[in-house]
Amino acid sequence: MTLTAIGVPLGARPVLRERLTARIAALGGTLTTEGPGPVGLRLPFAPVAEHGEEKRER
């Protein structure tokens with residue numbers, strides 16, 4: 001899933017970008033920023049398995 005937020009002036013600030021990247025990476029996603037403006041967020045559809053945890057089928 002890809003989400004794009006526009007008009008995010010603080011999205012390119014290093015501190016905020018690092019915090020968002022850490023939270024999104026924990027879900028198996030990525031974050032992209034293009035200066036003060038759009039912020040792109042990509043998340044997998046399936047949950048990411050933790051270390052030692054198997055993926056479960058639904």
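Keep in mind that the numbers below use all heavy atoms, side chains included, and drop hydrogens, waters and symmetry copies. Because the structure is predicted, anything quoted here is derived from the model rather than measured.
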Do Val15 and Leu41 belong to the same hydrophobic cluster, where Ile, Leu, Val, Met, Phe, Trp and Tyr are linked whenever their side-chain heavy atoms lie under 4.5 Å apart, directly or via other members?
-> no
Residues which pass side-chain hydrogen bond (donor to acceptor under 3.5 Å, both in side chains) with Arg42, listed by chain and number, not counting sequence neighbours | Thr2
Does atom CG of Leu3 have more than 12 heavy-atom neighbours from other groups under 6.0 Å away?
-> yes
Enumerate the residue pairs fulfilling side-chain hydrogen bond (donor to acceptor under 3.5 Å, both in side chains) with a member in residues 5-20, sequence neighbours excluded, ordered by first and then second residue.
-> none
Which atom pair, heavy atoms only, marks the closest approach of Gly28 to Pro44?
-> O-CD, 3.5 Å
Before giving the answer on side-chain contact (heavy atoms from CB on, under 4.5 Å), spell out for Val39 and Leu31 the whole-Å C-alpha distance, their side-chain angles and the decisive distance to 0.1 Å.
-> CA-CA 7 Å; Val39 174; Leu31 177 78; 3.3 Å; yes
From Leu43 atom CG to Thr30 atom OG1, the distance as rounded to the nearest 0.5 Å | 8.0 Å
Distance (rounded to the nearest 0.5 Å) between Ile24 CD1 and Thr32 OG1 | 9.0 Å
